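Quick notes on the structure that follows.
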Amino acid sequence: MIYVVCGPTGSGKTKASLVLSEKLSAPIINADAFQIYQDMNIGTAKIEKDHPLYDRHFLLDIKKPSDSFSVQEYQYLFRKTLEQLQKQYDNIIVCGGTGLYIKASLYDYDFPKDNNVDVSDLEKLSNGELFALLEEIDHDATINLHKNNRKRVIRAITIARNGLTKSENIQKQKHEMIYSDVRILFINPDRTKLYENINNRVDQMFDEGLVNEVKNLLNNYELSLTAKAAIGYKEVISYIQGELSLEECKELIKKRTRNYAKRQITYFKNQLECEAYSSSEQLIKEIKDGINI
RNA sequence: GGGAGGGUAGCGAAGAGGCUAAACGCGGCAGACUGUAAAUCUGUUACCUACGGUUUCGGCAGUUCGAAUCUGCCCCCUCCCA
């Protein structure tokens, strides 16, 4: 059985996954886009290296902050890792908050190979022009896409220039999970409590030395575009550079984390078939009591 | 005590007689999502028994066919001089 423990940041996924891991003697595959990075610990709320269960984790600390990363690579690593682990374990836990990584790994998502087609001509086009162009070459891809979502419009055009269009690629998939026996446990706490929790956790990160962690990162690495996008890191960088006061920096991180949590909830609720739990405590209780698990 | 400027939806902030239930930003809520996803983007946000109705722009009383916008009084806030 594959147990996916998911939920927004600050919902207590890690705690619950550890309890479940002990109970089932199962390994844990990380499904968090930023916990894959080494030396990004405090800001990603990663389990400590000296934790007794640290060694049960996979896809944790596997990349340098200077490396870029993508869903495609994650999907590849996930499937490879899972295959290996399944030889040894009956139960496997997947824990993380990056919905797309989870979905792309579990379902038959198939990312086209990048042939490095030239798309430099697209940069100078307006959103409207890009959208019109996409309508010509892949009208179906346009249906659920807003013209202002420039990034995705460009990606869809790029895919089409690669060979198969995005919609053709999606059509040829069955939209089914490629694994059987998967249960997705979704921790969806009360909103007010979640937000409070996030606010407190950010303050705690600063107490634990987030600023120093970021300083060390800047000294040791040329951060990749992906690593640089992490909430809690980009803001502290602005603080270090004097663009924000400490207070502004903290508040901004809290706000962006709350916004992010909201987006995660939307994703889990609507993109995955989840069993919902109202708190990590509830999940943990059911695990311990052996209810349903 | 004298002088100046203010009080607008959850917050910030426009509007200076009808086109205003009130721009815009933030926050909130809802949603999309197939190579940066802690990203990118969209919708919505006074209230209601909602193709219509009800009550709003510090308070009260006026002027006017019509007021957030004009007048009077009152209550608060900020700054400057005492």
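Please read all numbers here as calculations on a predicted model, not as lab measurements. In the text below, chain A, chain B and the rest are named by the order of the sequence lines, each starting its count at 1.
Taking the ring axis of A:Tyr109 as reference, the NZ or CZ atom of A:Lys103 does not stay both within 45° of it and closer than 6.0 Å to the ring centre.
Using a 4.0 Å heavy-atom distance criterion, A:Asn259 is classed as a sugar-phosphate-only contact. A:Lys166 comes within contact range of the sugar-phosphate backbone alone, with a heavy-atom separation under 4.0 Å but no base atom that close. Residue A:Gln173 is classed as a base contact, given a heavy-atom separation below 4.0 Å to a base. Across all strands shown, A:Tyr76 has no heavy atoms under 4.0 Å from either base or sugar-phosphate atoms. Among the atoms of the strands shown, only primed sugar atoms or phosphate atoms (P, OP1, OP2) are found under 4.0 Å from some heavy atom of A:Thr226. Counting any heavy atom pair closer than 4.0 Å across all strands shown, A:Tyr74 reaches no nucleic acid atom.
Where A:Ile231 and A:Lys262 meet RNA chain B, the nucleotide closest to each residue was compared, and A:Lys262 sits on the side nearer the 5' end.
Taking the C1' atom of each, B:G7 and B:A14 are spaced 15 Å apart, rounded to whole Å. As rounded to the nearest Å, B:C33 and B:C41 have C1' atoms that lie 9 Å from one another.
Closest to the side chain of A:Arg263, out of B:A39, B:A32, B:U34, is B:A39.
In this structure, A:Lys46 contributes its side chain and A:Met40 its backbone to a donor-acceptor pair below 3.5 Å.
Counted within 6.0 Å of CG on A:Leu225, heavy atoms from surrounding residues, nucleotides or ligands total 12 or fewer; the atom is thus considered open.
The aromatic rings of A:Phe186 and A:Phe268 are tilted relative to each other, their planes meeting at an angle between 30° and 60°.
Whole-Å rounding puts the A:His175 NE2 to B:U34 P distance at 10 Å. A straight line from NZ of A:Lys113 to P of B:G35 spans 14 Å, rounded to a whole angstrom.
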